[in-house]
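Encoded as structure tokens, the structure appears first; notes follow it.
Just so you know, ligand 1 is whichever comes first in the structure, and atom 1 is the first atom listed for that ligand. Residues take their numbers from the sequence shown, with the count starting at 1.
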Amino acid sequence: MGALRSSLPQALRSRGVSRREFVKFCKLMVATLALPPRYLSAVEKALSQATRPVLVWLEFQDCAGNSESMLRTSSPTVSEFVLELLSWEYHELIMAGAGKQAEDALERVVREHKGQFIAVVEGAIPTADGGVYCTIAGKSALEIARHVCTNSAANIAVGACAWDGGLVRSNPNPTGAVGLQEAVPGLNVINLGGCPHNPTNTAAVLTHYLTFHEMPALDQFNRPLFAYGNIIHDQCERRAHYDAGRFVEEWGDEGHRKGYCLYKMGCKGPEATYNCPVVRWNDGTSWPVKSGHGCIACASHRFWDTKSPFYKRLPSVPGFGVDVDAGKLGLVLTGGVAAALGLHGIASAARAQMRPKGEEPRGPTEIARPSGLVEREGPPEKS
Ligand code: SF4
Ligand code: F3S
């Protein structure tokens, strides 16, 4: 932490990260952002030259799971790149300073980097009784969020709690907890839902921002389409078993051992969107369904209330286990995503607001087709 304003390669070299690992990271980012491979050199160049923007990470009502998720990746670490992509000036969990020294650091960023720094928010914000249920240094989370996030260049809400209130907001919600967007209306917020967020997606959002000077295209919940635009069921490696009617009937049965579909065990994959089947967790090692547990739709809106009980099978999926009806199901869900993408214009407008004034878009433009597919068009790569 501190005023580290060197370039990313300089910072990585000082940590012993090789050029080869840097290129590998850039390739991962291009793949995660679903950019054509020709964008690799643009990403490499942008990250090599960028002076790292200042970042502050605010933590409110949470379990610190999103910080942990980011810090617990293995080597060569995505977290190392995320930590070095930006100049971290404030993060309660990992900063050495505490008390007044820490609070002064936050104030200094707001004062000296007004309109230029990135604010990451983790955790829900209580609004009941004047916000007294979460205070830091005598100020409520609501006060801090209003003060910091209205003075930043961009705000990123990581995890379910910061997006829509998450577990803290689930019924009966005694503290009146809400997500950042609801707590401070009118803010430009990128929501990285999930419980926790996937650090590879967070790194990809930051990479997009540093490369194209704008945030990626968003859906109706202000979530990046590259990460939340596809249904889990359609990306799932167990889908062939679903289509053929082969299901796990009981935990530990033969079907479970053989990797059959987890639909009957309550998997919410047919109703959930996220890229975890592709990006996976623990540096691409696995994801819940691969490890034998159904998806609980942790990246869906208000999932603690809307998707529980987690082990109860979805009640109204038409014709499960029959090839032709599974196809119809896909169409129904794709229609839902297409409807969401119909709001793409609104999201693009929000994205444009985050671009510096007078600057043309530099990144690829995403176009939602009626089929629900998202196609990307963009300016030719400049070398
Ligand atoms: Fe995969 Fe779940 Fe769909 Fe089965 S129901 S194919 S386990 S996402
Ligand atoms: Fe969450 Fe389901 Fe992926 S529970 S991590 S969205 S498989």
Handout entry: E250 and K264 ion-paired at < 4.0 Å
Key = no
Completion exercise
One finds that the ligand 1 atoms under 4.0 Å from a non-hydrogen atom of R239 are 6 (S)
Problem - Aromatic ring pairing Y274/Y228, orientation class (parallel under 30°, perpendicular over 60°, tilted between) - result: parallel
Problem - N, O or S of C267 under 2.8 Å from atom 2 (Fe) of ligand 1 - result: yes
Handout entry: Pair D104 + R108: basic N to acidic O under 4.0 Å
Key = no
Exercise for the section: Heavy-atom contacts with L262 under 4.0 Å: which atoms of ligand 1 show up? List them by number with element. Expected result: 4 (Fe), 7 (S)
Exercise for the section: Give the residue, atom name and distance (to 0.1 Å) of the protein heavy atom nearest atom 1 (Fe) of ligand 1. Expected result: C236 SG, 2.4 Å
Handout entry: Closest to atom 5 (S) of ligand 1 among C261, A272, G294, G269 (heavy-atom distance)
Key = C261
Handout entry: Stepwise salt bridge (charged side-chain N to carboxylate O under 4.0 Å, His left out) test for R257 and D253
Key = CA-CA 6 Å; R257 286 194 294 279; D253 69 5; over 6 Å; no
Exercise for the section: Could you pull out, from H293, Q235, H233, K290, the option with a heavy atom nearest to atom 6 (S) of ligand 1? Expected result: H233
Handout entry: Separation between CE of M29 and CD of E44, rounded to the nearest 0.5 Å
Key = 13.0 Å
Exercise for the section: Evaluate the salt bridge (charged side-chain N to carboxylate O under 4.0 Å, His left out) criterion for residues K258 and E254: first the C-alpha distance (whole Å), next the side-chain angles of each, then the deciding distance (0.1 Å), finally the verdict. Expected result: CA-CA 6 Å; K258 286 183 170 168; E254 200 190 342; 2.8 Å; yes
Handout entry: Residues lining ligand 2 [heavy-atom distance under 4.0 Å, listed by chain and residue number]
Key = I232, Y274, C276, W281, W287, P288, C295, I296, A297, C298
Exercise for the section: Could you tell me whether D164 and R169 make a salt bridge, using a distance below 4.0 angstrom between a side-chain N and a carboxylate O? Expected result: no
Handout entry: E237/W287 under side chain to side chain donor-acceptor pair (under 3.5 Å): CA gap, chis, key distance, verdict
Key = CA-CA 11 Å; E237 61 221 37; W287 65 292; 3.1 Å; yes
Fill in the blank from the handout: Note: ligand 1 atoms sitting under 4.0 Å from heavy atoms of R238 are 6 (S)
Practice task
Might you work through the side chain to side chain donor-acceptor pair (under 3.5 Å) test for S67 and H91, ending with a clear yes or no?
Solution key: CA-CA 9 Å; S67 294; H91 187 310; 3.1 Å; yes
